Amino acid sequence: MVDMPHNAVSRRPRKNKVMFVLSLVLGVVGVFYSKHYIEQQIAYYKGQLDKTETMISVIVPTRKLLRGEVLSKNDILIREIPEKYADSNSVNESNFEMALGQQLDFDIDQGRPLLWAHLEGGLTPTFSGKVPDGLRAMTVRVDEINSISGFLQPNDRIDLLLSYKNNGDQLTMPLIQRLDVIATGVQTLIDKRGGSALRKFSTITVQVTPDQAQRITLAQEVGKLTAMLRNPDDESPISDSPMTVSRLLNHPEPIARPKTPPTVLAPKIIVGDKYKTPGIEYIIGGSS
């Protein structure tokens, strides 16, 4: 067996180390230039795209959203895409605030453009799309009592009472019964997170007929409106009899005295220089 020189054996591991380090350096340089080249190409094609394509800002989820979730501002971001690839039903930068607070009717993947069809409100991005044909949405100013201390929510049903004065007497009577609340302040969906007691709003929006809208408008001018929360399944009417101060205090109602008809005086006629009350003239006897 022939022995290899000691110097040749010692040079081989050193040569392997040099080749390894050189390969590593070349790999790092290659990765750097490859990344730089890719970024240049992306910037180039993006610049070309910006020059030739009209872009539009759409709303996309930042995570996968599931059916039943309520859309919040933290769940979305604005992304630009070519207009020709955008759906006409997309939620965009100009109207996305109408989508906030709405509930999702479908699952939607992260990064996919959000459509109005994905939301409980349906295809229309406007609040008026929620009002059925023949009805109107009317906003009524309320105070803390009428807001049921913040617990009043969309889809609740209320009765409206009117308090007013009539000939010095204070009266309260039902104005309209079983009105559907479709918004409290700017909230149009039920808050299922238990924060109702912390919500404050100064208006409610109810669904009314045109005739009811006129009655409410006039009632706000002549007296004060009070809302009573009603069970959504309760269809029973409340009494139309007005509540008076006497009924409130269990006092007998004052009896209206019958009015005495005015005395009608017979007209007088002038005979000569005297007044004479007309009467029936009798002719007694006579000659032929």
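Computed from a predicted model, the values in this text were never measured in an experiment. This chain uses plain numbering: 1 for the first residue, then up along the sequence. What you see below is based on every heavy atom in this structure, not just the backbone, and it leaves out hydrogens, waters and symmetry mates.
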Drop me the distance from [X]'s [atom1] to [Y]'s [atom2], to the nearest 0.5 angstrom.
X      : Y      : atom1 : atom2 : result
Leu115 : Ile59  : CG    : CD1   : 12.0 Å
Met55  : Ile81  : CE    : CD1   : 7.5 Å
Gln212 : Arg136 : CD    : CZ    : 12.0 Å
Leu71  : Leu114 : CG    : CG    : 6.0 Å
Leu152 : Phe201 : CG    : CZ    : 5.0 Å
Thr172 : Leu248 : OG1   : CG    : 8.5 Å

Nearest heavy atoms of [X] and [Y], plus distance in Å:
X      : Y      : value
Asn89  : Ala117 : OD1-N, 3.1 Å
Gly101 : Val70  : O-CG1, 3.5 Å
Gln177 : Pro237 : OE1-CA, 3.3 Å
Leu162 : Ala219 : CD1-O, 3.7 Å
Pro210 : Gly134 : CD-O, 3.7 Å

[Y] and [X] side chains, donor-acceptor separation under 3.5 Å:
X      : Y      : answer
Asp211 : Thr209 : no
Ser236 : Asp234 : yes
Thr139 : Thr203 : no

Can any side-chain N or O of [X] pair as donor or acceptor with the backbone N or O of [Y] at less than 3.5 Å?
X      : Y      : value
Arg215 : Leu175 : yes
Asn166 : Leu171 : no
Ser239 : Ser241 : yes
Asn92  : Asn95  : yes
Arg178 : Arg230 : no
Gln103 : Gly68  : yes
Glu83  : Ile56  : no
Thr217 : Ala213 : yes

Heavy-atom side-chain contact between [X] and [Y] under 4.5 Å:
X      : Y      : result
Arg112 : His118 : yes
Leu77  : Val60  : yes
Lys165 : Val222 : no
Phe96  : Lys73  : yes
Leu160 : Ile158 : yes
Met173 : Tyr164 : yes
Leu225 : Leu161 : no

Side-chain heavy atoms under 4.5 angstrom apart, residues restricted to Ile, Leu, Val, Met, Phe, Trp, Tyr: same cluster for [X] and [Y]?
X      : Y      : answer
Met228 : Met243 : no
Ile238 : Leu229 : no
Ile76  : Met98  : yes

Please test Asp180 against Val206 for side-chain contact (heavy atoms from CB on, under 4.5 Å), starting from the C-alpha separation and ending with a verdict. CA-CA 6 Å; Asp180 292 322; Val206 291; over 6 Å; no
Does CD in Glu39 sit with more than 12 non-hydrogen atoms of other residues, nucleotides or ligands closer than 6.0 Å? yes
Is the shortest distance from a Lys or Arg side-chain nitrogen in [X] or [Y] to a carboxylate oxygen in the other one below 4.0 Å?
X      : Y     : result
Glu93  : Arg79 : no
Asp75  : Arg63 : yes
Asp107 : Arg67 : no

What verdict does the side-chain contact (heavy atoms from CB on, under 4.5 Å) test give for Ile216 and Ile176, after you've listed the backbone C-alpha separation in whole Å, the side-chain angles of each residue and the deciding distance to 0.1 Å? CA-CA 8 Å; Ile216 292 175; Ile176 302 176; 3.6 Å; yes
Walk me through it: do Trp116 and Gln102 pass the test side-chain contact (heavy atoms from CB on, under 4.5 Å)? CA-CA 10 Å; Trp116 289 106; Gln102 291 201 41; 3.9 Å; yes
Single hit among Thr184, Val181, Ile182 for side chain to side chain contact (heavy atoms under 4.5 Å, CB included) with Thr205: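 Exactly one option meets the side chain to side chain contact (heavy atoms under 4.5 Å, CB included) with Thr205, and it is Ile182.
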For Val208 and Leu179: C-alpha separation, side-chain torsions, deciding distance, then whether side-chain contact (heavy atoms from CB on, under 4.5 Å) applies. CA-CA 7 Å; Val208 296; Leu179 276 180; 3.7 Å; yes
